[in-house]
Amino acid sequence: MRQKELRIALVCYGGVSLAVYMHGVTRELWQLARASRDFHASTGQRGGVHEVYQDLLRHIEAEDALRLRIIPDIMSGASAGGINAIFLAQAIYSGQSLEPLTDLWLEMADVDRLTDPDAKLRWRGGKFWAQPLASWLLNRPGNEISTEVAPETRDEVRRKVSHLIRGRWFEPPFSGIGFSRLLEQAFSAMANSEIEAPLLPPNHPLDLFVTATDFYGYLELLRLHSPEVVEDTEHRLPISIRRKTPSAGGQDLADPLELVMSARATASFPGAFPPLRLEEIDRLADETGRSWPGRDAFLERIMPVHVMHGDTDKVSLIDGSVLVNKPFGGAMAALRGRPAQREVDRRFVYVDPRPDRYSHRTDMQAGEVGFFSAIFGSLSTIPREQPIRDNLEQLEEQSREAERLSRIVAALRPDVEGAVDRLFGRTLFLDRPTVKRLKNWRQKAQDAAANQAGYAFHAYAQAKLSGIVSRIARLVWEAAPALHLPDAAPIEAAIRRELAQRGLSSLSAPSGGATAEAITFLREHDIGFRIRRLRLLARRLARDWEADPEISDEALEVGRDAIFKIMALYFEKEGAASLGADFGEVAQDVLTDPGAVLDFIEQRRLLIETDSLAEGMLAETLEPMPANLKRRMLFAYLGFPFYDVATLPLLRNEGLTEFDPVKVDRISPDDAKSIRDGGTRATLRGVEFYNFGAFFSRAYRENDYLWGRLHGAERMIDLVLSTSGKHQDGDHARIFKRRAFLAILDEEDAAKRCGARLLDQIRNEVKERLGG
């Protein structure tokens, strides 16, 4: 049975009230991941759309001999999309239910619930003197409500907008602490839900990235040619969290107050909510009785400059979409260093509720920009519609690089295997590897690869050295914020000076290969080489050898599991956590004593000892293997130095992080047409009143949430079928989509979350388009 992982990096845009639609989409990704987890754990059926997704995975397994697992392991978002990303990441990591967030959006995301009590009218005739202005704005000919809002909702929108206009002038109408309370209540409700197992495999990394905007900003140092250093103001304030998935559910991705702060900050819409200040979260902690033991460490991580200056209490955070509405960058950075136990199909999936950009060309004919158009357009529409071309082109370039590496490795394979055969083909006991033999064979292969590389070895050695120094310098820089360095460049320069004093200015020996000093340094610090070698083995096991009928699936599975466990030994050594709590103190002295830092890292990592443990695990795995697979694994393991010499100088990031190119998929009303054509305009109501529409009507929120689930289900089925190689428009696709649509409608009918008329209307459309 072929094994494969569909890994999803989800990017959620800001979209004001269209966040309700995005929640429906993210809920379906959560449902699919739950079904995948239960499918692999062979747990019982749950019914509903969960059963449809499990049946889809069973169908692929039966028809294609492909056992597929869904791994949503990167979440990125901005503004209200950031809220969805945070809650989804918490549900995936903790095993908690995402249901409470549905209630938050449907019940609480209304202007009447969000409005600050001090901004509400005390009685119907309050501020009567403002009534003429409100009436003129809301009823004048050609006003935005008449042109942007459906007739059946205009009275409700006019009433609520009038209350906002008359309630409080020149201050945000919505309550900041009220918003934080709602978020905290949703996290508490999730914690009180039925706890299941996490949705990712144990120890698999989960990354969360959301954007916020530091209103006042902080000074950053920039390096130029002349002058050498200048100061510039930085307003971007990204918040990122990376955790390894626990084996049991119930653990929070981060302290709930940190999650509340992140959600409140990223969605602090300018003019609607007051900026977030730290005192608001402290007040919330007092009200709820929550302790926040990691407060100082969290602030040190997300706003180190402010912590350094002691002005965190004055920081004002506003909506992340002001500067970064489409946060692909954080998700792309999270790809680095991810383990791979199976063949990986990596997808970047972004949710775009309103892709109909050209509709605004018709709006240009309407005349002058109106009162609300100018305000909401500048704060909402324009920043959220800047193109993502740069991000997608970067992803495409990374994918081309992955394909290029694959072609190079495939072309080199006959020569490398020939070189290894010449080295070891007549070696006695090759079929009986022990730790000692593996070590001797590995060193012999590395020496041969270095000597046979000739003058090309110098470029290879410098590429290795540069990568190692760069990674160590960044690790030290992040651990020593008190140095107030703009980047890791001064640390890298200090480390290079230290290495030159240790005789490592040149790594190549005059007679060929590496010098003794270089070999020692690489054995002590070159984690990248070890991981790349194991990734090659994992790739061969996952992709290249599965087609051989002479190798059993069981043997391949044993090999894959062993390689993954060995890789975990080295992954644990990469980050600062493995260096201990006192590493930060040592890192502070890197500019004056870089040698002490290098020695400290070497003594804490103990890579040479780890190599012995890893080769012991490998020898134990190889011992009972069939001879044909054992020999292939040995040749790949011992032949890796030849591949590495040829490919490393061509790569910009010291080896690719996952096996395959990244594919990009969009989820939008324009991409899900099985039920209704017409895209956004034909399905969503939140687009009215400059994307604020759903905040004024419960019926609008129900509509957009339900279409989010339906479109999400359709695109989830598309993603699963595409990774299995099946057509998205085939008979099986239509059958599974129809089943999923009807299951969702039945679930919402049973939950009484959505109106019966809406459910019946869409149910009839499903049966008409996809068969009764």
Side-chain angles (χ1 to χ4, degrees), residues 6 8 10-13 18 20-36 48-57 59-60 68 70 72 84 88 98 102 345 347-356 663-684 686 702-749 754 758-759 761-772:
L6 172 57
I8 296 175
L10 184 72
V11 181
C12 294
Y13 294 178
L18 293 175
V20 180
Y21 171 84
M22 285 187 277
H23 167 64
V25 173
T26 58
R27 178 173 172 135
E28 285 313 298
L29 176 55
W30 172 68
Q31 296 272 32
L32 176 62
R34 290 175 75 211
S36 174
V49 74
H50 185 280
E51 182 176 344
V52 177
Y53 291 142
Q54 281 196 319
D55 287 347
L56 175 62
L57 296 175
H59 170 76
I60 291 172
L68 183 65
I70 315 302
N84 283 311
L88 178 60
L98 202 59
T102 300
D345 186 352
R347 304 295 182 95
F348 266 63
V349 179
Y350 68 97
V351 186
D352 190 355
R354 192 172 183 177
D356 55 338
K663 304 180 184 73
V664 181
D665 297 272
R666 185 181 72 174
I667 299 178
S668 80
D670 284 5
D671 310 315
K673 301 178 181 179
S674 293
I675 302 175
R676 186 185 296 177
D677 295 323
T680 301
R681 296 283 180 176
T683 53
L684 304 189
E702 292 176 6
N703 176 85
D704 289 5
Y705 158 71
L706 185 58
W707 278 111
R709 286 202 68 184
L710 295 169
H711 290 167
E714 178 167 354
R715 296 296 285 142
M716 291 303 113
I717 293 171
D718 288 341
L719 288 174
V720 170
L721 291 176
S722 67
T723 201
S724 70
K726 288 185 174 293
H727 294 294
Q728 299 167 204
D729 56 353
D731 291 336
H732 291 298
R734 285 192 292 273
I735 291 171
F736 281 109
K737 288 178 182 179
R738 180 185 178 279
R739 287 185 57 196
F741 297 153
L742 294 177
I744 289 170
L745 295 170
D746 290 343
E747 288 177 1
E748 295 303 328
D749 191 14
C754 299
L758 173 65
L759 295 171
Q761 177 186 349
I762 298 178
R763 186 179 286 109
N764 290 334
E765 292 184 56
V766 170
K767 293 179 179 179
E768 181 179 345
R769 293 286 292 263
L770 299 176

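Just so it is clear, the values below take in all heavy atoms, side chains as well, and ignore hydrogens, waters and symmetry mates.
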Separation between CG of Asp671 and CG of Asp352, rounded to the nearest 0.5 Å: 8.5 Å
For the atom pair CG (Leu10) and CG (Asp665), what is the distance rounded to the nearest 0.5 Å?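 Taking CG in Leu10 and CG in Asp665, the distance rounds to 11.0 Å.
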If you define the side chain from C-beta out and look only at heavy atoms, does anything of [X] sit under 4.5 Å from [Y]?
X      : Y      : answer
Leu56  : Met716 : no
Arg734 : Ser674 : no
Ile744 : Glu28  : yes
Arg354 : Arg681 : yes

Shortest non-hydrogen contact from [X] to [Y]?
X      : Y      : value
Asp704 : Gly686 : OD2-N, 2.7 Å
Ala713 : Ala740 : CB-CB, 4.3 Å
Ser36  : Leu68  : OG-O, 4.3 Å
Ala743 : Val49  : CB-N, 3.6 Å
Trp30  : Leu98  : CZ2-N, 3.3 Å

Heavy-atom donor-acceptor pair, Arg769 side chain to Lys673 backbone, under 3.5 Å: yes
Determine, stepwise, if the pair Val720 / Leu32 fulfils side chain to side chain contact (heavy atoms under 4.5 Å, CB included). CA-CA 10 Å; Val720 170; Leu32 176 62; 4.0 Å; yes
Suppose we screen for salt bridge (Lys or Arg N to Asp or Glu O under 4.0 Å). Which residues come up paired with Glu747, at least two apart in sequence or across chains? Arg709
Which of parallel (below 30°), tilted (30 to 60°) and perpendicular (above 60°) describes His59 and His732?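 Because their plane-to-plane angle lies in the 30° to 60° range, the rings of His59 and His732 count as tilted.
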